[in-house]
Amino acid sequence: MAKKESTFTNMLLTLFIVTLASSAALGFVYEFTKEPISIAKSAKKNLAIERVTPSFDNNPGNEMFGVPADGDSVYFYIARNGNDTVGYAAETYSNIAFGGTLKLLVGFLPDGTVKEIAVLEHKETPGLGDKMLKSKTNWSTQFEGENPSEYTLKVKKDGGDVDAITASTITSRAYCDAVQRAYDALEKGGKQ
Amino acid sequence: MNQGRNFLKGFIKENPVFVLFLGLCPTLGTTGSALNGLSMGLATTFVLVLSNVFISVFARFIPDKVRIPSYIVIIASFVTIVDLLMSAYTNTPGPHGEPSLYDNLGIFIPLIVVNCIVLGRAEAFASKNSVLSSLLDGLGIGLGFAFALTLLGTVREVLGNGSVFGYKFITGDGILIFIMAPGAFLALGYLIMIMNKIKQRTAKV
């Protein structure tokens with residue numbers, strides 16, 4: 001069979017049919033994957049929140065609010081067990097990290113004590129700055145159980161209470177900066 | 001015989017990474033670990049096979065002057081399908097909160113659409129050959145690409161992290177540069193050298 005000639009109508013028709021067929025196919029796949037995608041997304045968020053707060057029975061992903069902090073916002077998720085608020089998860093950030101933005105999820109108990117901290121997003125150097133990850137070392141456990149009202153969130157070099165990661169003072173400072181931002185926002189309007 | 005060659009050429013003789021040097025951006029960008037490399041290779045294989053089959057079926061209905069836009073639309077549709085499927089089913093983080101596979105591959109999945117292997121095979125092979133040959137060609141080249149990415153990912157993971165597919169067998173840090181971007185170039189360079197050596201030796205015999 002001979003190839004179709006490149007006349008205006010032929011080209012127009014071909015492109016029309018190709019785009020129509022592919023958009024129909026995409027629409028179908030989109031409908032089909034819409035639910036699994038949203039389930040996976042909210043499960044991912046709840047899984048992260050679960051790691052930093054006491055156990056809860058609500059869906060913290062639905063109870064989210066932002067508190068403005070330094071030109072951006074810290075987002076809070078409330079963990080409830082029955083009618084009691086058992087903790088807050090604060091999605092916070094720092095712009096003074098070694099590479100790009102550092103994003104943490106800090107879990108607070110209702111009185112402001114740090115429960116646990118998880119790293120959401122980072123671009124720190126593998127083997128140096130990424131020792132802040134729980135899967136690498138237990139450096140970040142030193143924050144657990146401390147209340148930032150009486151625990152200075154600065155590395156010891158800067159007169160604070162935090163042991164910096166060896167050879168990663170910048171990362172450690174950014175980590176403290178992010179936790180401090182979360183705590184300030186919690187004090188300012190996070191408790192609801 | 002001929003069909004076998006269509007399939008096998010992608011592994012050594014026309015390996016897209018080691019011989020043709022195509023698709024180097026995802027090759028260097030996603031091979032920090034063996035699993036990432038393998039998944040990236042398989043996602044590309046999926047797109048390559050389906051777009052090859054579709055294009056070999058429909059090529060004769062597509063006028064020459066609009067063939068490239070048509071191919072790109074077909075390829076882009078399959079890439080979007082892969083992206084949607086992966087964000088639905090491979091988006092679960094690891095037990096210690098490690099980023100999910102979908103997060104790890106990130107922007108490189110949508111970028112398959114501009115991977116020159118995919119359009120290259122569509123233009124150079126699928127538009128001129130039968131459906132079966134195109135299917136085998138896509139499968140061979142795709143798996144060859146996956147093989148190269150897995151090999152590179154394994155080498156980088158072993159040297160940089162002391163683990164294979166996430167199973168750590170050396171405690172402590174490895175040679176960290178191999179996990180970072182410069183290590184990708186180093187490892188790829190040495191792998192190409194070894195591949196060329198092997199090819200020379202087999203050519204002599």
Side-chain angles (χ1 to χ4, degrees), chain A residues 1-45 47-48 50-52 99 105 116-122 125-128 130-131 133-137, chain B residues 32-33 50-51 54-55 58-100 102-103 106 127-128 156 160-161 166 168 172-181 183:
Chain A
M1 187 180 148
K3 254 206 143 140
K4 270 208 167 173
E5 262 185 75
S6 299
T7 60
F8 182 71
T9 12
N10 271 350
M11 292 197 284
L12 200 70
L13 256 174
T14 312
L15 283 181
F16 178 70
I17 293 170
V18 168
T19 43
L20 190 74
S22 42
S23 42
L26 285 185
F28 174 74
V29 177
Y30 175 73
E31 278 303 317
F32 176 72
T33 52
K34 201 165 151 190
E35 217 184 307
I37 289 178
S38 74
I39 292 174
K41 265 195 187 146
S42 77
K44 196 162 115 183
K45 195 128 249 178
L47 215 69
E50 219 165 78
R51 286 171 48 226
V52 298
L105 191 70
E116 241 180 288
I117 302 171
V119 178
L120 293 179
E121 210 183 294
H122 79 93
T125 320
L128 294 172
D130 76 348
K131 290 208 171 94
L133 298 175
K134 264 222 161 115
S135 52
K136 304 270 176 189
T137 68
Chain B
S33 73
L50 285 173
S51 66
F54 264 70
I55 286 166
F58 293 114
R60 58 194 152 140
F61 303 114
I62 297 174
D64 259 350
K65 279 186 184 163
V66 290
R67 69 180 194 286
I68 299 289
S70 308
Y71 295 169
I72 285 288
V73 170
I74 294 173
I75 293 166
S77 311
F78 287 119
V79 172
T80 314
I81 290 172
V82 170
D83 191 48
L84 287 171
L85 289 174
M86 286 192 71
S87 75
Y89 299 109
T90 62
N91 205 1
T92 327
H96 301 291
E98 294 94 346
S100 64
Y102 181 68
D103 287 342
S127 63
K128 300 184 186 103
R156 287 180 66 192
N161 200 26
K168 223 163 156 56
D173 298 326
I175 309 164
L176 290 165
I177 195 169
F178 281 101
I179 296 288
M180 293 186 279

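Convention: sequence-line order gives letters A, B, ...; per-chain numbering from 1. Only heavy atoms go into these numbers, but all of them, side chains included; no hydrogens, no water, no symmetry mates. Everything numeric in this text was worked out from a predicted model, so none of it was measured.
The choice from A:L26, A:V18, A:I17 that makes the most heavy-atom pairs within less than 4.5 Å of chain B is A:L26. The most heavy-atom pairs under 4.5 Å with chain A, out of B:I177, B:D103, B:N161, come from B:D103.
For B:F178, the CZ atom counts as densely surrounded, since its 6.0 Å shell holds more than 12 non-hydrogen atoms of other residues, nucleotides or ligands. Annotation: B:Y89, atom OH; neighbour count of heavy atoms from other residues, nucleotides and ligands within 6.0 Å is above 12.
A distance of 9.5 Å separates CD1 in B:I179 from CG in A:D130, rounded to the nearest 0.5 Å. The structure places CG of A:L47 at 8.5 Å from OG1 of B:T92, a figure rounded to the nearest 0.5 Å. Note: B:D64 CG to A:N10 CG = 11.5 Å, rounded to the nearest 0.5 Å. With rounding to the nearest 0.5 angstrom, the OG atom of B:S100 is 11.0 Å from the NZ atom of A:K41. Note that the OG1 atom of A:T7 and the NZ atom of B:K65 stand 9.5 Å from one another [nearest 0.5 Å].
Shortest non-hydrogen contact noted between A:I37 and B:L84 is CD1-O, 3.6 Å. Residues A:P36 and B:A88 approach most closely at CB-CB, 3.7 Å, considering heavy atoms. Nearest heavy-atom pair, A:S22 versus B:S77, reported as atom, atom and distance to 0.1 Å: CB-OG, 2.8 Å.
At a threshold of 4.5 Å between non-hydrogen side-chain atoms, the residues A:T14 and B:F61 do not count as touching. With a 4.5 Å cut-off on side-chain heavy atoms, A:L15 and B:P69 count as touching.
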Is there a side-chain hydrogen bond (donor to acceptor under 3.5 Å, both in side chains) between B:N91 and A:K44? Walk through the geometry before answering. CA-CA 8 Å; B:N91 205 1; A:K44 196 162 115 183; 3.0 Å; yes
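Of the two parts of B:Y102, neither the backbone nor the side chain holds a non-hydrogen atom closer than 4.5 Å to a non-hydrogen atom of chain A. Heavy atoms of B:I81 lying under 4.5 Å from chain A belong to its backbone as well as its side chain. For chain B, the nearby part of A:T125 is the side chain; its heavy atoms alone come within less than 4.5 Å.
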